[in-house]
Structure formats: C-alpha cells, structure tokens
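Worksheet: the structure to be examined is printed underneath.
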There are 2 protein chains.
Amino acid sequence: MLVSTRGRYALRVMVDLAQHQSQGPIPMKDVAQRQQISLKYLEKILPVLSKNGYIVGTHGKGGGYQLTRAPEKYRVGDILRLTEGDLAPVACLEAGAAPCQQRDTCPTRSLWCELGRRVNEYLDSVTLADLMKESH
Amino acid sequence: MLVSTRGRYALRVMVDLAQHQSQGPIPMKDVAQRQQISLKYLEKILPVLSKNGYIVGTHGKGGGYQLTRAPEKYRVGDILRLTEGDLAPVACLEAGAAPCQQRDTCPTRSLWCELGRRVNEYLDSVTLADLMKESH
DNA sequence: TTAAAACCTACTGAATTGGTTGGTTATATG
DNA sequence: CATATAACCAACCAATTCAGTAGGTTTTAA
C-alpha cells in the first residue's frame, strides 16, 4: 500500500472543499459527515495542508476551511506528498533513508527509481479540477 | 511504501539465481552472504516462490535453488505480486478489501485504479533478464 | 553415518496505522 | 458580554505490519 488513509482522506476533503468553493468557509464537521470520516481524525490530518498554504482556516462561528487557489492549480501529487510524507515505492528511496550499502551494484535500484518517477509523474498530471469531474 | 523487503529481497535473490544459473543448485547460504541478507529471513520468503513453480529447491548436500525458466520468462510484476501479496496503491483496492461504501460516488476511485494499472503495467514490462544487465 | 541443504513453526521488538480523548484558543452572533 | 461554534493542539491506544530470530524437522549427497 503506497497511500494510506491520511493521503486518501486529505484528497477527498480537498475535492469536497473544491465542490463547495463558492459557499465561503466550510466547517470540517460538514465535510466529515458528507465523506463519512471521523472529524477528530480529519483534524489531525489537516494542519499540514493549512501550514503549507493549501487551505486557510477561519476560527469561530461561521468559520471553516477554504481553498486558496483554483482547483486546476492543485496537483494531486503535491497534496499526497505533503500528507503522506513521501511517495517512494521502496524504503531505500525514502527521503530520510540511510544510504544503501549496495547502492552502486544493486541490480534493482534503477527499477525502483523509474517506478517512483512514473508514480510521481502520473499523480502530478492530475489536478483537483480533474477529480471534480469524476463525482456524479 | 509500496514494496517491502519481502518483495525487494525476493527480486534480488531471483537475479542472483539467474546470474549463477549455469552452476547448478545454488544454496541460499551463498546468496544470503552475497546479498547481505539474513539467511533465516530469506528462508521465510522463498517458499511462496517454490510453491508456485518459480524456483525449485533440492534438499541435502550439494542442493540449493534453481530457476525453472529462462530469465526473460520472469516478469518482475509476477514475482512482486507473489511475495507482496498485492501491489494495490491503496487499501480499498486490495484483493481482500471490504467493498467500499462510497465506491460509486468516490471522486478518487478512478485515480487509484489508473495508478494501480500503471504500476502493474510497468513492473510487468520488466523481466529478470533486464535486471541482469544492470549489475556490473 | 554425517554434513548440508531445504523446509516448518513459533515468537518478538519496533514501527506504523487509524484512530480516540480531552482539551485550548479564536470569533461571529444574540 | 455570554455563548455557541469553529479551528487547533497534545497525549494516548489497540491492532496490525515489518523485519527479523530461534529452534527445530526432513531430505539427500558423499
């Protein structure tokens, strides 16, 4: 499993926010109910998105979250890398991984590199706007 | 992380066996030493490969493992699906997963399907023979 | 008979996953 | 000003997976 619930839920929340973009701040309570996800769990996932300027949250009554750009400006890959930490297909290619001993002679290394490249390339080719067209 | 040590090690063992194909049965003790992998851990990973006819093990002194076909006849994807159980990018697409409630309305479902399709397609396009050319 | 190999079963420590509990702080509204 | 509602924050937790270990049994060549 490459993408856990963190990334999957984050993506669904972003699509939900995109779909209700015109209605001002959207409280997470509503999104949680619509998406059938625990509100408390969502509250743990969202901070990384607001800290990086992907969404903005307004406190208090009438508050909620809003996108900061148009849906076409969000790449799925960016959202997933932020919430998942990494999209590397194997541990030895992850950001904080200890440099592999057999790096120079490993016959499978370029396989994993190319796989990772293709995964990121595909996820970067899809935007939130593309996903909005999916729901019916 | 899509592929754990199980799949990664299995692949390296298969490449090692391919490279020593002409030398008759290769004991896992030798492979473990060459690949710097725990012999006991390898012994836990290999049974699924021999049970499915990918390799054949001969007992006793002078025994070991051997490939059952030419390296070009092994697709990397097959080896990984066997040792990892699944190459689904998300839990809701895994073989034994409970059918998702929002399956029909989920705006991200086709994204995951297409991602999984691309991952499998790439890994099925590479063979053991391709990986043999990598090591130097 | 013995050494060496595959093969089998049970256990284990550490990390990750997928949350829950229980708050604090900020703000719009009556 | 009180209150309801929202984001935000920190600690904890059960279950599962990961990456092995430990300790065998069975099979076979020499």
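Per chain, numbering begins at 1; letters A, B, ... match sequence-line order.
B:Arg8 CZ to B:Ile45 CD1: the interatomic distance, rounded to the nearest 0.5 Å, is 10.0 Å. Taking CD1 of B:Ile26 as the start and OH of B:Tyr65 as the end, the distance is 13.0 Å to the nearest 0.5 Å. Interatomic distance, A:Leu42 CG to A:Lys29 NZ, rounded to the nearest 0.5 Å: 14.0 Å.
Atom NZ in A:Lys29 sits roughly 5 Å away from atom P in D:dA6 (whole-Å rounding). When rounded to the nearest whole Å, the span between CG of B:Leu2 and P of C:dT17 equals 13 Å. For the pair A:Met1 CE and D:dC18 C1', the computed distance is 12 Å after rounding to whole Å. Atom CD1 of A:Ile37 is separated from atom P of C:dT20 by 12 Å (rounded to the nearest Å). In this structure, A:Leu49 places its CG atom 11 Å from P of D:dC8, rounding to the nearest Å. Distance B:Gln66 CD to C:dA6 P: 11 Å, rounded to the nearest Å. In this structure, B:Leu42 places its CG atom 12 Å from C1' of D:dA19, rounding to the nearest Å. If you measure from atom CD of A:Glu94 to atom P of D:dC18, you get 13 Å, rounded to the nearest angstrom.
With hydrogens and angles disregarded, no donor-acceptor distance shorter than 3.5 Å links the side chain of B:Thr127 to the backbone of B:Lys73. A distance-only check finds no donor-acceptor pair linking the side chain of A:Arg34 to the backbone of A:Asp16 [under 3.5 Å]. Checked by atom type and distance alone, the side chain of B:Asp86 never pairs as donor or acceptor with a backbone atom of B:Glu94 at under 3.5 Å.
Defined by atom type and a distance below 3.5 Å, a donor-acceptor pair is missing between the side-chain atoms of A:Thr108 and B:Glu134.
When each of B:Gly57 and A:Glu84 is assigned the nucleotide of DNA chain C bearing its nearest heavy atom, the one mapping closer to the 5' terminus is B:Gly57. With the nearest nucleotide of DNA chain C identified for both B:Ala91 and B:Lys51, B:Lys51 has the one nearer the 5' end.
The number of heavy atoms from other shown groups lying within 6.0 Å of CD (B:Gln33) does not exceed 12.
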Under the criterion salt bridge (charged side-chain N to carboxylate O under 4.0 Å, His left out), I'd like the reasoning laid out for B:Asp124 against B:Arg81: C-alpha separation, chi angles, the key distance, then a yes or no.
CA-CA 10 Å; B:Asp124 283 343; B:Arg81 277 185 296 270; 2.8 Å; yes
Protein and nucleotides 28-30 of chain D: nitrogen or oxygen contacts under 3.5 angstrom:
unit_1: D:dA29; atom_1: O4'; unit_2: B:Lys61; atom_2: O; d: 3.2

Produce the list of close N/O pairs, under 3.5 Å, pairing protein atoms with atoms of nucleotides 20-22 of chain D; give distances to one decimal.
unit_1: D:dG20; atom_1: OP2; unit_2: B:Tyr9; atom_2: OH; d: 2.9
unit_1: D:dG20; atom_1: N7; unit_2: B:Lys44; atom_2: NZ; d: 3.0
unit_1: D:dG20; atom_1: O6; unit_2: B:Lys44; atom_2: NZ; d: 2.6
unit_1: D:dT21; atom_1: OP2; unit_2: B:Ser38; atom_2: OG; d: 2.9

Quick one: which protein N/O atoms are closer than 3.5 Å to N/O atoms of nucleotides 15-17 of chain D? Pair and distance per line, please.
none

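By the 6.0 Å and 45° rule, A:Arg69 stacks over the aromatic ring of A:Tyr54.
In this structure, A:Glu121 does not pair ionically with A:Arg118, as no charged nitrogen and carboxylate oxygen lie closer than 4.0 Å.
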